[in-house]
Participant: 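Structure below; questions to follow.
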There are 2 protein chains.
Amino acid sequence: MKTLPDSAYNPILKLDNQLCFSVYALSRLITKAYQPLLESLDVTYPQYLVLLLLWEHEELSVKQLGEHLLLDSGTLTPLLKRMEQRQWLSRRRDARDERSVLVALAPAGRALQTQAAQIPVRLAEKMQLTEPEIAGLRTQLRQIMNLLS
Amino acid sequence: MKTLPDSAYNPILKLDNQLCFSVYALSRLITKAYQPLLESLDVTYPQYLVLLLLWEHEELSVKQLGEHLLLDSGTLTPLLKRMEQRQWLSRRRDARDERSVLVALAPAGRALQTQAAQIPVRLAEKMQLTEPEIAGLRTQLRQIMNLLS
DNA sequence: TAGGTTTTAATTGTGCACAATTTAATTCGT
DNA sequence: ACGAATTAAATTGTGCACAATTAAAACCTA
């Protein structure tokens with residue numbers, strides 16, 4: 001008899017792989033769902049996440065942005081440079097700690113907030129989830145995140 | 001009174017954003033959790049997904065791989081070329097339809113299956129999820145995927 | 001306070017991910 | 001059968017994502 005792959009025999013292996021793949025595929029689908037909403041602002045999804053943080057906090061260091069977004073300077077530095085070039089934010093060394101770089105919202109970046117206000121609403125509608133469903137799912141994913149990191 | 005961002009007022013907006021971010025961040029954490037397990041095989045997570053499919057189906061067209069993985073030829077072609085270079089798989093035009101490229105498992109690719117057998121088990125343990133929990137979560141994510149696509 | 005450690009960004013290099021376009025093969029309608 | 005439309009990969013160009021390294025500033029600590 002021909003040998004079949006383990007995943008054809010072990011339902012847990014298959015489920016585990018399918019769960020990981022579902023998260024991976026859903027993440028890309030969400031980015032794609034955001035894209036037509038964000039492209040009118042000419043913003044990518046990771047850039048939108050940076051803007052969400054700056055709209056709330058006005059000024060954050062690269063390190064703080066990285067802690068919130070779970071991204072390192074290797075990703076953030078070029079991304080922030082592109083956003084700086086479009087005048088959405090400013091980057092300057094912290095005078096009190098020259099290692100640190102402070103990222104502050106610029107007027108053009110603040111102006112994007114009004115245009116972006118409708119974006120998440122439309123996505124929540126598309127996902128057809130109620131408030132408790134969203135909250136429950138988010139909590140589950142966070143718990144898995146905590147177990148993995 | 002200073003104007004606060006919408007997300008500070010509207011709990012649904014905040015939850016929606018947090019749910020999307022959780023999926024985005026968890027996806028990267030899963031990839032990172034796989035990485036130390038896969039790096040002994042010198043395989044990336046997307047390459048591992050291709051191998052999973054080939055271990056099950058032996059030969060698939062680029063189009064079929066793309067349908068399973070929700071990836072297009074722009075992503076798959078260079079990825080498959082790298083895997084071909086390592087002799088894990090072969091690529092050849094389909095004689096019956098010269099537009100199509102058939103990707104088949106090579107001996108070295110089949111040999112990886114044995115080494116990789118332990119990988120998902122260890123990840124499932126790390127996530128501390130029971131079989132019904134994994135199944136339920138996967139179903140929920142799939143439903144959202146269907147609503148978005 | 002001098003020297004070693006730690007912290008913070010930036011840099012370099014590799015590999016996805018995807019939009020847009022191109023090329024070639026097939027299919028379809030007439 | 002033939003030209004238009006469709007389909008499948010490949011190509012091109014941009015932007016993450018991250019490991020590994022580098023450089024500079026800040027912090028210990030003896």
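Naming convention: chains lettered A, B, ... in sequence-line order (proteins, then strands); numbering from 1 in each chain.
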Participant: Using whole Å, what does the distance between atom P of nucleotide D/dA19 and atom CG of B/Asp42 come to?
Facilitator: 15 Å

Participant: Answer with yes or no whether B/Thr77 presents, from its side chain, a donor or acceptor under 3.5 Å of a partner atom in the base of D/dA9.
Facilitator: no

Participant: What integer distance in Å separates A/Leu76:CG from C/dA9:P?
Facilitator: 9 Å

Participant: Any side-chain heavy-atom pair from B/Leu148 and A/Met127 closer than 4.5 angstrom?
Facilitator: yes

Participant: Just the rounded figure in Å: distance from P of D/dA9 to CG of B/Leu69.
Facilitator: 13 Å

Participant: According to salt bridge (charged side-chain N to carboxylate O under 4.0 Å, His left out), who are the partners of A/Arg138, at least two apart in sequence or on a separate chain?
Facilitator: none

Participant: Are the side chain of A/Ser27 and the backbone N or O of A/Val23 linked by a donor-acceptor pair below 3.5 Å?
Facilitator: no

Participant: With no angle test and no hydrogens, is the base of D/dA10 tied to the side chain of B/Ser73 by a donor-acceptor pair under 3.5 Å?
Facilitator: yes

Participant: Give the B/S/- string for nucleotides 13-18 of chain C, one per nucleotide from 5' to 3', where a protein heavy atom under 4.0 Å of the base yields B, of only the sugar-phosphate yields S, and otherwise -.
Facilitator: --SSBB

Participant: Closer than 3.5 angstrom, by distance alone: can the side chain of B/Trp88 be matched with the main-chain N or O of B/Leu80 as a donor-acceptor pair?
Facilitator: no

Participant: Check whether B/Asn17 reaches the backbone of B/Cys20 with its side chain - one donor and one acceptor, N or O, closer than 3.5 Å.
Facilitator: no

Participant: Whole-Å distance between C/dT7 P and A/Glu67 CD?
Facilitator: 12 Å

Participant: What is the distance, rounded to the nearest whole Å, between atom CD of A/Glu39 and atom C1' of C/dA19?
Facilitator: 10 Å

Participant: Within the structure shown, what part of the strands sits under 4.0 Å from B/Ser61 by heavy-atom distance: base, sugar-phosphate, or nothing?
Facilitator: sugar-phosphate

Participant: Apply side chain to side chain contact (heavy atoms under 4.5 Å, CB included) to A/Tyr48 and A/Leu41, showing your working.
Facilitator: CA-CA 10 Å; A/Tyr48 171 65; A/Leu41 315 182; 5.9 Å; no

Participant: What is the separation between atom CD on B/Gln64 and atom C1' on D/dA8, rounded to the nearest whole Å?
Facilitator: 12 Å

Participant: Could you report the tightest heavy-atom contact between B/Val103 and B/Leu54, atom names first, then the distance?
Facilitator: O-CD2, 3.7 Å

Participant: Between B/His68 and B/Leu65, is a side chain to side chain contact (heavy atoms under 4.5 Å, CB included) present by the stated rule, with each step listed?
Facilitator: CA-CA 5 Å; B/His68 279 101; B/Leu65 283 171; 6.0 Å; no

Participant: For D/dA10 and B/Lys63 - does any side-chain N or O of the residue sit under 4.0 Å from the phosphate oxygens OP1/OP2?
Facilitator: no

Participant: Treating primed atoms plus P, OP1 and OP2 as sugar-phosphate and everything else as base, which nucleotides of nucleotides 22-27 of chain D get B, S or - for protein heavy atoms under 4.0 Å?
Facilitator: ---BS-

Participant: Given B/Leu51, which of B/Arg110, B/Met83, B/Gln113 fulfils the side-chain contact (heavy atoms from CB on, under 4.5 Å) condition?
Facilitator: B/Met83

